[in-house]
*Asks:* 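Can you keep this structure in mind? I'll have questions shortly.
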Amino acid sequence: MGLHIRDERQLKAFTGLSHAEFDHLLPVFSEVYTAQQHQQYAEGVVAGTRTRQPGGGAKGKLPTLGISFALFAS
């Protein structure tokens with residue numbers, strides 16, 4: 001299971017972006033997402049609520065949509 005974009009038309013319908021536009025935004029969203037994750041970790045350490053390192057713990061069983069979620073949430 002997972003998200004499989006077959007062609008340019010399906011990508012445009014799902015995201016509203018062409019493949020070139022999506023590729024242009026991908027590094028930006030990845031950088032922002034990583035920075036936000038590090039900030040949440042640092043805040044958790046300071047508050048004393050963080051018990052594991054980033055990436056630690058059980059892995060989810062559902063497929064992730066990665067950038068699709070970031071685009072949808074913004």
Side-chain angles (χ1 to χ4, degrees):
M1 193 165 160
L3 182 65
H4 300 287
I5 303 294
R6 294 184 308 246
D7 56 18
E8 182 82 18
R9 183 196 61 78
Q10 191 179 37
L11 179 67
K12 185 98 171 169
F14 185 69
T15 64
L17 301 171
S18 69
H19 190 69
E21 292 168 327
F22 188 85
D23 285 344
H24 180 71
L25 286 178
L26 185 60
V28 176
F29 274 98
S30 297
E31 184 178 323
V32 169
Y33 179 75
T34 302
Q36 190 233 6
Q37 291 295 97
H38 287 299
Q39 179 184 4
Q40 284 182 341
Y41 173 72
E43 289 171 358
V45 169
V46 170
T49 58
R50 186 75 191 195
T51 58
R52 295 189 177 107
Q53 293 289 324
K59 303 299 178 230
K61 301 223 184 270
L62 296 175
T64 59
L65 298 178
I67 186 84
S68 302
F69 176 75
L71 288 171
F72 180 73
S74 56

*Asks:* Considering all heavy atoms of both residues, which atom of Y41 and which atom of R50 are nearest to each other, and what is their separation?
*Replies:* CD1-NE, 3.3 Å

*Asks:* Only one of V32, V28, L26 passes side-chain contact (heavy atoms from CB on, under 4.5 Å) with S30; say which it is.
*Replies:* L26

*Asks:* Locate the shortest heavy-atom distance separating L11 from F22; write the atom from each residue and the value.
*Replies:* CD2-CB, 4.3 Å

*Asks:* For H19 and E8, work out which heavy atoms get closest and say how close.
*Replies:* N-OE2, 2.8 Å

*Asks:* Roughly how far apart are E43 CD and Q40 CD, rounded to 0.5 Å?
*Replies:* 7.0 Å

*Asks:* Side chain of Q10, backbone of R6: donor and acceptor closer than 3.5 Å?
*Replies:* yes

